[in-house]
Amino acid sequence: MRDALRQHLRAILDTYDAVPADFEVELERPAQPEHGDWATNTAMRLASVLKNNPRAIAEELAEALRARVDPNRVSAVEVAGPGFINIRLADTYLTDQLASALKAGSSFGRTTTGAGTTAIVEYVSANPTGPLTVGHGRNAVLGDTVATLLEWTGCDVTREYYYNDAGRQMRVLAQSVRARYEALVADVEMKTLTHEDGSTVEVPVSFPDDGYQGAYIIDIAQALADEHGAALLTTDSLRPFQDKAEAVIFAEIEGTLARLGIEMDDYFNERRLYDDNRVNETVERLTEAGYTYEKDDALWFKTTEFGKDKDTVLIKQTGEPTYRTPDIAYHADKFERGFDAIIDVLGADHVATYPDVISALDVLGYDTDRVEVLLYQFVTLVRGGEPVKMSTRRANYVTLDDLINEVTADVTRFFFLMRSASTHLDFDLDLATEASDKNPVFYLQYAHARICSIYDKAAEVGLDATGDVDLTLLTHDDETALIKELLRFPEVIDRAAAQRAPHHVATYLREVATAFSQFYGSCHIIGEDASLGAARLKLADATRTVLRNGLTVLGIDAPASM
RNA sequence: GCGCCCGUAGCUCAGUUGGAUAGAGCAGCGGACUUCUAAUCCGCAGGCCGCAGGUUCGAAUCCUGCCGGGCGUGCCA
C-alpha cells in the first residue's frame, strides 16, 4: 500500500516541471489516529521549489490523488495542518488485508525485501576459556535474533561463531589445567594468590599468574586424571590439556546456547587460518601495499594513516601475531565467501579495535561498506535495586546458565531484546523473576494463552469460524484499531531487520497485546450473534498469529495456557 | 587528552531516519470481576527531551560548544 501511494504521488509530481526527478516521496504513519493511516509532507517540502504556499500545493496534490486511487482501498484524502496530506484506508481494504494475513498464517510477517541477498552474522565468538557470561548472553541473543529477522526478509543467512584457539589465552588456559592436573596426580607445592580485595585462593606453584581460577578448571583436570592417571606428567606438550579443556568447555557453551534456542551454522576456528597460511598471506599483502613497518622487533600496521592516535602491532616481538591479525584474515575469508552483508556483533569494549580490521580490509581492496558492526552496551544485573558486582578474574560472576536457571530462557531472551543495543542494559532480576503483570514477557504470553483459551471455549459452545466469515462486521473502534495494529507487522519486521534492531519487535508486540486486551474488554466473542462472533474469533486468530510469529522471531515460546 | 555510546515522567526505556498536541511499562492515586483467563481493563496525575547557541516552514531527532555517566585508548582478547 505504501509503495502504491508513493507511486501515485510520484506520477502526479511528474506533471510538474519544477519538481526534480530524484525527489523522494515520504510516507509515514501519523502518530495521531485522527491524522489518518498514512501521511505525506510532500507539499511542505515542495513549497520553496514550486513557489507556492504548502496548503495550496497540498490541495492540488490531494485532488489529483483522489482521482487516481481506488475508492475500495482509500476512503479519504485530506489536507490538514501546515500542509500534510492525510490518507485514510477503506474498511474493505483493511478486512481484505486481514483475510490475507489469516491465510498467510505462520508466514505472516515474512517479506521479500531481502530476497536474493546473503548475509553472515558473526556472534557470541567467545573463546572457549570458561562458561558464557551474562555479557555473552546479550551478544548471543542479539546476533541470533538479527539473523532471524534477516531470514524473515528472505535473506540467506549464515550464523557463525569465531574463536581463537592459537593464541595466548588458550595457552594460559592449558597451563591452568595442567597445573591443576599436576596437583591432582602428584604431590606439588601450593602457593597463595591474594586478590585486590584481600581474598585469597590456593593454587599450585606452576599455576600461571593470570591463570583461570574457576572451579571448572579443576573438573577438567580431574577428567584428565580419570582418563590418564599420572601418564600426562611426562609430556612436555600443552596439547592434551588444551584439547581437553576446549572440548569440555565448548560442550558446555553449546549446551548453554541450545537452552536459548541458538544453533550456529559454523564454528570457525583461528587455527584453520594458520593451517592454510592465510594469516601470513594477509600480513604479506598489507606489507606489499606499504602499510606495515618493523620497529622494536615487531611488525606494525600504520593505523595512524586511518586517523588513529597510534599504529598497532600485527606481529609481536615473540613472532606471535596479535589477535587482530588472524581476525583480519578471517574477515578477508568472509569477503571471499561472497556475502552481501557481513555483520559482527561486538561488545562496547571492542569499539577501539574493530576499526583497525576495517582499515586493513580497505587496504586489501575489499568493499568495507558491507561490514557492519552491531555494537551493544554492557549489561548490569540489578537485584534489590543494587547492581550485582562481578569480577571475571576470580570467576566470581553470574554465568549465563545461572541467569537462565533463575529467570528462564524466555525471560532472558526478552530482557536482552527489549532495549536497543546502544543503551546500557539494566537487567532487573527481581522484575525478571516475578511472574506477574510487572513482567513484560508474561504480558505477551498471557495475551496469546488467552486467545487459545477462547478458542477452546468457542469449540465447546459450537462457535464455528471455519466457513465463510464476514469480516466486514468488524467495525467497532477497538476492532479497527486492532486490525490496523496487526497489519503493521510486516513493516515492523522490515524496519527491525533493516536497522538490525530487534527491540522494535518487542515494543510492537506489546502494542499488539495492548490493542488485543482493549478489544477483549469491549467486544465479546462468545455469546454474540454467530456471524459477529465468528468474525471476532477470526480477529482473535489473526492476533494469535502475530503474537506467535513475533515471539518466534524473538525466540520466545508462545504458550497455549498459563 | 583523544575515540565511541548514552543523557527524554520519580524509576526503566520507546520515539517510524526532520513533522502535527513528545509516548509506554513500572511506581503513585481513583475505579471495574454472578459474563470468553483480573498475569487484565478504564481513568487521573506526572516533562525546560542535560545546558547554550546554530541550521529551516518545523528540531527530542541534524551541526558546534559545554556539563554529567559508561566503555575504550595493551606487543591482552
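Every chain is numbered from 1, with letters handed out A, B, ... down the list of sequences.
- Heavy atoms of Ser561(A) sit under 4.0 angstrom from at least one base atom.
- Among the protein residues, Tyr455(A) comes within range of no part of the nucleic acid, since none of its heavy atoms lies under 4.0 Å from any strand.
- Among the atoms of the strands shown, base atoms are found under 4.0 Å from some heavy atom of Asp309(A).
- Under the 90° criterion around 0 for the glycosidic angle, C33(B) counts as syn.
- No cation-pi contact links Arg324(A) to Phe301(A), judged by a cut-off of 6.0 Å to the six-membered ring centre and 45° from its axis.
- Applying the 3.5 Å distance criterion, the base of G72(B) shares no donor-acceptor pair with the side chain of Asp349(A).
- In this pair, His503(A) does not lay its aromatic ring on the base of A14(B); centres under 5.5 Å and planes under 30 degrees do not both hold.
- Base engagement by Ala39(A) is indicated by at least one non-hydrogen atom pair under 4.0 Å involving a base atom.
- Using a 4.0 Å heavy-atom distance criterion, Arg45(A) is classed as a base contact.
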What would the secondary structure line of RNA chain B be in dot-bracket form, counting Watson-Crick and G-U wobble pairs under 3.5 Å, with [ ] for pairs that cross earlier ones and | for pairs with another strand? (((((.(..((((.....[...)))).(((((.......))))).....(((((..]....)))))).)))))....
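- In this structure, the side chain to side chain contact (heavy atoms under 4.5 Å, CB included) partners of His524(A), at least two apart in sequence or on a different chain, are Glu528(A).
- Heavy atoms of Asp456(A) sit nowhere under 4.0 angstrom from any nucleic acid atom.
- Nucleic acid contact for Cys452(A): none, since no nucleic acid atom lies under 4.0 Å from a heavy atom of the residue.
- Residue contacts shown for Ser420(A) are limited to sugar-phosphate atoms, with no base heavy atom under 4.0 Å away.
- At a threshold of 4.0 angstrom between heavy atoms, the contacts of Arg168(A) are confined to the sugar-phosphate backbone, with no base atom among them.
- On a pure distance criterion of 3.5 Å, no polar donor-acceptor pair joins the side chain of Asp327(A) and the base of A77(B).
- Among the heavy atoms of the strands lying under 4.0 Å from Ser517(A) are primed sugar atoms or P, OP1, OP2 only; no base atom is included.
- Judged purely by atom type and a 3.5 angstrom limit, Asn127(A) has no side-chain atom pairing as donor or acceptor with the backbone of Tyr163(A).
- Across all strands, Ala449(A) comes closer than 4.0 Å to base atoms (heavy-atom distances).
- Asn86(A) comes within contact range of at least one nucleobase, with a heavy-atom separation under 4.0 Å.
- At a threshold of 4.0 angstrom between heavy atoms, the contacts of Ala47(A) with the nucleic acid are absent.
- Using a cutoff of 4.0 Å between basic side-chain nitrogens and carboxylate oxygens, Arg29(A) and Glu491(A) are scored as salt-bridged.
- Base engagement by His524(A) is indicated by at least one non-hydrogen atom pair under 4.0 Å involving a base atom.
- Remark: Arg488(A) is not positioned above the aromatic ring of Tyr508(A), lacking an NZ or CZ atom under 6.0 angstrom from the ring centre and at most 45 degrees off the axis.
- Under the ring-ring contact (aromatic ring centres under 6.0 Å, His included) test applied with Tyr161(A), the options Phe250(A), Phe268(A), Tyr123(A) reduce to a single match, Phe250(A).
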